[in-house]
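Within every chain, numbering begins at 1; the chains are lettered A, B, ... in the order of the sequence lines, protein sequences first and strands thereafter. Please read all numbers here as calculations on a predicted model, not as lab measurements.
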2 protein chains.
Amino acid sequence: MVTQVDDILRRNSLSVTESRKKILNLFLTMHGALAHGDIERKAGEKFDRVTVYRTLQTFVDKGIIHTIPTTDNSVRYALCKDNCREGHHHDNHIHFICIKCGSTLCLEDVSVPEVRLPKGFISSETEVVVKGICNDCKQ
Amino acid sequence: MVTQVDDILRRNSLSVTESRKKILNLFLTMHGALAHGDIERKAGEKFDRVTVYRTLQTFVDKGIIHTIPTTDNSVRYALCKDNCREGHHHDNHIHFICIKCGSTLCLEDVSVPEVRLPKGFISSETEVVVKGICNDCKQ
DNA sequence: TATTCCGGCGCAACTGAGTTGCAAAATATA
DNA sequence: TATATTTTGCAACTCAGTTGCGCCGGAATA
């Protein structure tokens, strides 16, 4: 039986290995973004730190996941939903960090707002991170 | 003669020391934000790494400077222009990173745009980082 | 100005994240 | 199955940032 995980890996011409399956599965089953630490904790009992680093890097390179900047200087990763492919990410959505539960979410439906820059400035990319209370925590 | 630097330090009830004067002066004379590395390079010949770290932390705590998140996971610091005081930063402007010269600027005149969140999400803080070509580099 | 006191500094040592080289193991290919 | 290629795990390393502590310099008082 070919699982969704196997399929994604094959489509990206990656060898199907235990660690890749495990880590990719984490992203498919979890809502929200994962920090490196989360992944290491959840998959790291079985795999080496280095393998986790390399696997994440591979996934980013292939456009399977994308990184999310955070104010506290920790990198988080989330699945790319749309048309990302090798070497090119096209994430035009904003990211939301819940200050209550700490989870990071891609708000796919909220596109990045237009920003009016001063004269002489040319914009090529805009990152928006909103902090607040998420839908699950608003009680 | 009481310099601007001395004045700022005194107003924040900080001892006026060589390292604080030197580092604060860097911020006052430079345009744009400084990464820790920049500061260490420019002031570090005279001062210990640890002193630079501690001085920056002190300035952030006092509301003299603020940190700027960057996508590449390096922290940058810039002077607080307006009503920041101990324990509370009120920076409502966006940040701009020039992909040509690498400098990071606070665009004080560009306020953070309103973002429409999905139902159930409450926003408390929004960070916007725009990448592109700055006024000096547009040639 | 001299003296005392306390905060700030430099040093050394440590922690933790992330990286690299290489041999062994797992996967793909024929 | 045999061979070639890719990936993994281990060990060792680098680099950013932190902590403890003794000493020095700035601030306060006389």
Side-chain angles (χ1 to χ4, degrees), chain A residues 1-3 5-26 33-62 64-65 67-77 86 104, chain B residues 1-3 5-26 33-62 64-65 67-77 86 104:
Chain A
M1 174 202 165
V2 175
T3 65
V5 168
D6 288 42
D7 191 46
I8 293 174
L9 292 174
R10 292 237 170 73
R11 269 211 309 276
N12 287 279
S13 42
L14 291 172
S15 309
V16 178
T17 67
E18 279 306 305
S19 52
R20 283 175 184 166
K21 281 197 282 186
K22 174 88 181 188
I23 292 173
L24 184 48
N25 199 50
L26 279 179
L34 295 169
H36 178 93
D38 300 330
I39 297 159
E40 207 172 305
R41 237 166 286 124
K42 277 167 183 141
E45 298 147 12
K46 269 193 83 178
F47 306 109
D48 194 80
R49 285 180 338 115
V50 180
T51 301
V52 177
Y53 280 112
R54 286 197 272 229
T55 303
L56 289 173
Q57 189 54 55
T58 304
F59 287 176
V60 172
D61 291 347
K62 290 288 183 178
I64 301 173
I65 60 177
T67 58
I68 304 171
T70 58
T71 30
D72 68 337
N73 225 37
S74 72
V75 189
R76 286 170 176 273
Y77 301 88
E86 195 156 350
T104 302
Chain B
M1 175 204 166
V2 175
T3 65
V5 168
D6 289 41
D7 192 45
I8 293 174
L9 291 175
R10 292 238 170 71
R11 268 211 311 274
N12 287 279
S13 40
L14 291 173
S15 309
V16 179
T17 66
E18 278 307 304
S19 51
R20 284 175 183 168
K21 280 198 283 186
K22 174 87 182 190
I23 292 174
L24 184 47
N25 199 49
L26 278 181
L34 296 169
H36 178 94
D38 300 329
I39 297 158
E40 206 171 307
R41 237 167 285 124
K42 277 164 181 141
E45 298 145 15
K46 269 192 84 180
F47 304 110
D48 193 79
R49 281 177 345 109
V50 179
T51 302
V52 177
Y53 280 112
R54 285 197 270 227
T55 304
L56 289 173
Q57 190 53 54
T58 304
F59 287 176
V60 171
D61 290 347
K62 290 288 183 180
I64 300 173
I65 60 178
T67 57
I68 303 171
T70 58
T71 30
D72 67 338
N73 225 34
S74 71
V75 188
R76 285 170 176 274
Y77 300 87
E86 195 156 350
T104 301

Worksheet item: Rounded to the Å, how far apart are B:K22 NZ and C:dG10 C1'?
Response: 18 Å
Discussion item. Does C:dC9 have OP1 or OP2 under 4.0 Å away from a side-chain N or O of B:S19?
Written reply: yes
Worksheet item: Can you check side-chain contact (heavy atoms from CB on, under 4.5 Å) on B:V52 and B:R49, steps first, answer last?
Response: CA-CA 5 Å; B:V52 177; B:R49 281 177 345 109; 5.8 Å; no
Practice prompt. Test A:F59 against A:L9 for side-chain contact (heavy atoms from CB on, under 4.5 Å), laying out the working first.
Written response: CA-CA 9 Å; A:F59 287 176; A:L9 292 174; 3.9 Å; yes
Worksheet item: Rounded to whole angstrom units, what separation is found between the CG atom of A:L14 and the C1' atom of D:dT5?
Response: 14 Å
Item to complete: Would you kindly check whether a donor in the side chain of B:R49 faces an acceptor in the base of C:dG10, or vice versa, at under 3.5 angstrom?
Response: no
Worksheet, complete the sentence: Per nearest nucleotide of DNA chain C, the residue lying toward the 5' end, B:E18 or A:R54, is B:E18
Practice prompt. Specify the separation, in whole Å, of atom NZ of B:K46 and atom C1' of C:dG8.
Written response: 15 Å
Fill in: Atom pair distance, as rounded to whole Å: CZ in A:F59 and P in D:dT7
11 Å
Worksheet item: Whole Å only: how far is the NZ atom of A:K62 from the P atom of D:dT6?
Response: 11 Å
Worksheet item: Checking all strands, does B:K21 fall into the base, sugar-phosphate, or nothing category for heavy-atom contacts under 4.0 angstrom?
Response: nothing
Item to complete: Nearest-nucleotide wise, let me know which of B:Q57 and A:T58 is further upstream toward the 5' end of DNA chain D.
Response: A:T58
Worksheet item: Which is true for A:R20 with a 4.0 Å heavy-atom rule: it touches a base, it touches only sugar-phosphate, or it touches nothing?
Response: sugar-phosphate
Discussion item. Judged by each residue's nearest nucleotide on DNA chain D, which is more toward the 5′ side, A:T51 or B:Y53?
Written reply: A:T51
Worksheet item: Looking at A:T17, does any N or O in its side chain come under 4.0 Å of the phosphate oxygens OP1/OP2 on C:dT27?
Response: no
Practice prompt. Considering just the side-chain nitrogens and oxygens of A:S15, establish if one lies under 4.0 Å of OP1 or OP2 belonging to D:dT6.
Written response: no
Worksheet item: Counting only N and O atoms by type, is there a donor-acceptor contact under 3.5 Å from the side chain of B:N12 to the main-chain atoms of B:L14?
Response: no
Worksheet item: Tell me: CG of A:L56 to C1' of C:dT19, nearest whole Å?
Response: 14 Å
Worksheet item: Does any donor atom in the side chain of B:D61 or B:T58 lie under 3.5 Å from an acceptor atom in the other side chain?
Response: no
Practice prompt. Check the distance between C:dG7's C1' and B:L9's CG and give it to me in whole angstrom.
Written response: 14 Å
Practice prompt. Kindly say if B:T55 contacts the phosphate of C:dG8, meaning a side-chain N or O under 4.0 Å from OP1 or OP2.
Written response: no
Worksheet item: So do the side chains of A:I39 and A:H36 get within less than 4.5 Å of each other, counting heavy atoms only?
Response: no
Discussion item. Can you measure B:D61 atom CG to C:dG8 atom P for me and round it to whole angstrom units?
Written reply: 12 Å
